[in-house]
Amino acid sequence: MKEFNELCKEFEQLDAATYTALLAEKSLKLLPALHAVTGNGVDGAALFASFVLGAIAADGKLSEEEYLLCYPLLHAFFGDEVNYDDCKVAAKLLRSEGRAFKKSLEEIVDVLGGLSEELKDDVVIVCLMICALDGKISLKEKNWIKKLVK
């Protein structure tokens, strides 16, 4: 991977068309790979959701752009009950629950350890893209993603 801060800047400056195409490409590649690692589609999708939710909650804030991007995935897991305000509260709660968030991160890092370097890079790229959706990857988000890279 490129120098981390340089990579962050690239994702912060992506135009909408490139962003959408790249995210779709990475998601289409990651879901089957995570399915293969876990042995079933449900666990693979849940693992992908963990990466996405971790990226959303990394700074404890949920922008409307992040929510809209992740809505299809959130809706698939939580149904019609999911809405923007509830997700904002959940993101803040997840971030404020230090131990739970740290345990979740440790589990995600453990799974990453079993993936190829290329798939690890793809997971990090997806997380970077979600964090960069509002045009800025915060220090908290960078620190969270750096833990994934270790």
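Computed from a prediction, not measured in an experiment: that's the story for all the values here.
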Measure the shortest side-chain to side-chain distance between I137 and W144 over non-hydrogen atoms and say whether it is less than 4.5 angstrom. no

Partner residues of S138 under the side-chain contact (heavy atoms from CB on, under 4.5 Å) criterion, sequence neighbours left out: D59, K140, E141

Using distance only, find each side-chain donor-acceptor pair of residues 22-31 under 3.5 Å and give its atom names and separation, not counting sequence neighbours.
from : atom 1 : to   : atom 2 : distance (Å)
K26  : NZ     : D122 : OD1    : 2.8
S27  : OG     : L23  : O      : 2.9
K29  : NZ     : E118 : OE2    : 2.3
K29  : NZ     : D122 : OD2    : 3.0

Nearest heavy-atom neighbours spanning I125 and F11: CG2-CZ, 3.6 Å

Can you tell me how far CD of Q13 sits from NZ of K136, rounded to the nearest 0.5 angstrom? 10.5 Å

Please report the closest heavy-atom contact between Y19 and M129, naming both atoms and the distance. OH-O, 2.6 Å

Rounded to the nearest 0.5 Å, how far apart are CD of E10 and CD of E3? 11.5 Å

Please list, chain by chain and in numerical order, all residues satisfying side-chain hydrogen bond (donor to acceptor under 3.5 Å, both in side chains) with S116, sequence neighbours excluded. none

Any Lys/Arg nitrogen of E117 or K120 sitting under 4.0 Å from an Asp/Glu carboxylate oxygen of the other? yes

